[in-house]
2 protein chains.
Amino acid sequence: MAEFSLNEPCAVPRRRDPASTRRKLLVAARREFARNGLAGARVDEIAAQAGVNKQLVYHYFGDKNAIYFAVLKWMYDEIVQHEHTFNVDGLSPDKALRKLVQSSFDYLELHPDFVVILNDENRNDAAHVRNLAHFADIRTPLLRIFSRTLSQGVREGLFRKGVSPEQLYISITALSYFYFSGMPTLSAILGKDLRSKSALRARRKHVVDFVMQSLRP
Amino acid sequence: MAEFSLNEPCAVPRRRDPASTRRKLLVAARREFARNGLAGARVDEIAAQAGVNKQLVYHYFGDKNAIYFAVLKWMYDEIVQHEHTFNVDGLSPDKALRKLVQSSFDYLELHPDFVVILNDENRNDAAHVRNLAHFADIRTPLLRIFSRTLSQGVREGLFRKGVSPEQLYISITALSYFYFSGMPTLSAILGKDLRSKSALRARRKHVVDFVMQSLRP
DNA sequence: CCATTTTTCAACCAAGCAGTTGATGAAACA
DNA sequence: TGTTTCATCAACTGCTTGGTTGAAAAATGG
């Protein structure tokens, strides 16, 4: 009987490509953590989705927590990079704020993984985000832009006085974030699909209006 | 050598008290699910915290999912009951809304478990909440009160036109909910403790102002 | 007091899981 | 070409965990 092994070298021999393997693992991990959270995620599943052996998770990252941390750092870098592309120079404070609110809504719409992983991080008492703070100033660039825009708008008489930039930052984030983060239960409660094109458009408009109206002098 | 068993009847013999046992299990489960989510929660831990044998979880509820569902239903009943105590009759729409916004903030402050369990439910795509919808109309009473108050305020010229009650419901909830749900990461980012008395008071005031200002005609 | 039902429990099991081991073979470089 | 380094893998280990079993103890009811 002829020996026939599934383990012989493939017709297309696999190449050694550590960078690509690492990246594939990160992508798979992000999906898996988003779907199931840190506790619910399965290392086997991450490896399978990445199409590599489970041991490589340990080889490249150390353990489950370490790859989770790497995913978190990756997401954070993405956000900071994105926020650095914001350009509101030359815009009046109200136009600028409008644009910023829209941007933060759009970002969350395009990155559902971020929302759900951040939720998990919060349940875990931000243990890893706190750790991230050792590497970098995690105060997002957006907060600084908000502060500048707000105070400039107040000076120009476009916005009312007495609004704290930090509170505003939390509120603007909240209005968009909660919509996406609570979408499943909200959809169930309201009995409509909040992910539909029209629902998204309606929410986006409401959020912008709500903020701008609130800041009127 | 004298026999000495840890299993002999206790000095204070345990009483059979199914109702109390069930309740103790629910309380423990709620804590455990809040701390670790559905996937992360340990049935052994629930039983231990309740001070009873693990098998009682299965005896009274069936399986892990079933007790999770029971916790969810319990929380929901609590909320509905709480919202039924709202009484804004006789108040002008603006006073009424102010009171409602404060109440929803206060409720979340007093029920951190609720926030964190609802987050988990959302990550699970609201699978259980959807199920809850088979038992009852889960559209919360609060939504109806909002609707009435809003339209009355518009009629009386106290609020601007064109605000959808559903969007308003989402926004008011968002402004408070996100503060609590995102507290760990927000605290890390802003570098201050958002759970402190003064921070809570400041946020509460901001939320109320933010909403009321936004609704001005 | 005895039979029956309900509540409680310790011990156990099978499956699933994070993490380990030891080997193979491709690159790198001498 | 020989040696070293490192990416890759299959198979395994030990522990955790959801769930089961069979029976003792407490109430119930005659």
Side-chain angles (χ1 to χ4, degrees), chain A residues 3-29 32-33 35-71 120 124 127-128, chain B residues 3-29 32-33 35-71 120 124 127-128:
Chain A
E3 282 290 332
F4 179 66
S5 164
L6 290 172
N7 297 330
E8 25 186 79
C10 326
V12 177
R14 62 189 157 70
R15 301 253 161 216
R16 294 173 57 190
D17 187 347
S20 148
T21 300
R22 220 189 109 99
R23 202 170 43 245
K24 281 192 294 187
L25 277 171
L26 270 181
V27 170
E32 175 69 4
F33 284 128
R35 235 198 277 284
N36 302 103
L38 176 53
R42 300 296 160 224
V43 176
D44 290 273
E45 188 57 28
I46 293 174
Q49 285 296 320
V52 303
N53 188 273
K54 177 167 69 150
Q55 210 278 330
L56 296 187
V57 173
Y58 298 94
H59 185 263
Y60 285 113
F61 298 95
D63 61 6
K64 193 188 185 183
N65 267 284
I67 192 173
Y68 179 80
F69 187 71
V71 167
D120 204 54
N124 214 44
H128 300 83
Chain B
E3 283 290 331
F4 179 67
S5 164
L6 290 172
N7 298 329
E8 26 187 77
C10 325
V12 177
R14 64 189 154 70
R15 299 258 160 213
R16 293 173 56 190
D17 188 349
S20 145
T21 299
R22 223 190 105 100
R23 201 170 44 247
K24 280 191 295 188
L25 276 171
L26 270 180
V27 170
E32 175 69 4
F33 285 126
R35 236 197 278 281
N36 303 103
L38 176 53
R42 299 298 159 225
V43 176
D44 291 272
E45 188 58 29
I46 293 174
Q49 285 296 320
V52 303
N53 188 274
K54 177 168 68 150
Q55 207 280 332
L56 296 186
V57 174
Y58 299 95
H59 185 261
Y60 285 115
F61 297 96
D63 61 7
K64 193 190 188 185
N65 267 284
I67 193 173
Y68 179 80
F69 188 71
V71 167
D120 204 54
N124 215 44
H128 300 82

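Every chain is numbered from 1, with letters handed out A, B, ... down the list of sequences. Atom set for the values below is all heavy atoms of this structure, side chains included, hydrogens, waters and symmetry mates excluded.
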Using every non-hydrogen atom in the two residues, find where [X] and [Y] come nearest and quote the distance to one decimal.
X      : Y      : value
B:G40  : A:A39  : CA-CB, 4.0 Å
B:H128 : B:N124 : CE1-ND2, 3.7 Å
B:I46  : B:L25  : CG2-O, 3.9 Å
B:Q49  : B:A28  : CB-CB, 3.8 Å

How would you list all residue pairs meeting salt bridge (charged side-chain N to carboxylate O under 4.0 Å, His left out) that involve residues 45-59 of chain B, not counting sequence neighbours?
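Of all non-adjacent pairs touching residues 45-59 of chain B, those that pass salt bridge (charged side-chain N to carboxylate O under 4.0 Å, His left out) are B:D44-B:K54.
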
Using modelled atom types only, decide if a donor and an acceptor are shared between the side chain of B:E32 and the backbone of B:V43 within a distance under 3.5 Å.
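Side chain of B:E32 to backbone of B:V43: no pair is present.
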
Taking B:D120 for its side chain and B:L38 for its backbone only, find out whether a donor-acceptor pair lies under 3.5 Å.
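Yes.
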
Would you indicate what A:F61 reaches in the nucleic acid, counting non-hydrogen atoms under 4.0 angstrom: base, sugar-phosphate, or nothing?
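Nothing, no heavy atom under 4.0 Å.
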
Check every strand shown and say whether B:V57 touches a base, only sugar-phosphate, or nothing at a heavy-atom separation below 4.0 Å.
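The answer is nothing, as B:V57 stays clear of every strand by at least 4.0 Å.
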
Any B:Y60 side-chain nitrogen or oxygen under 4.0 Å from OP1 or OP2 of C:dT8
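Checking C:dT8 against B:Y60, a side-chain N or O does come within under 4.0 Å of OP1 or OP2.
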
Please state whether the phosphate of D:dT8, meaning OP1 or OP2, lies under 4.0 angstrom from any side-chain nitrogen or oxygen of A:T21.
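Answer yes for this pair, as a side-chain N or O of A:T21 is under 4.0 Å from OP1 or OP2.
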
Base versus backbone protein contacts along nucleotides 15-20 of chain D [heavy-atom cut-off under 4.0 Å; B, S, -]:
--SBBB

Take atom [atom1] of [X] and atom [atom2] of [N], then tell me their distance rounded to the nearest Å.
X     : N      : atom1 : atom2 : answer
B:L25 : C:dC9  : CG    : P     : 10 Å
A:L56 : C:dT20 : CG    : P     : 14 Å
A:H59 : D:dC9  : NE2   : P     : 12 Å

If you fit an axis to the five pairs at each end of the helix from C:dC1-D:dG30 to C:dA30-D:dT1, how big is the angle between those two axes, to 10 degrees?
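Rounded to the nearest 10 degrees, the bend comes out at 10°.
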
Should the ring pair B:Y68 and B:F33 be called parallel, tilted or perpendicular, given that the plane angle runs from 0 to 90° and is split at 30 and 60?
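Aromatic pair B:Y68/B:F33 classed perpendicular.
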
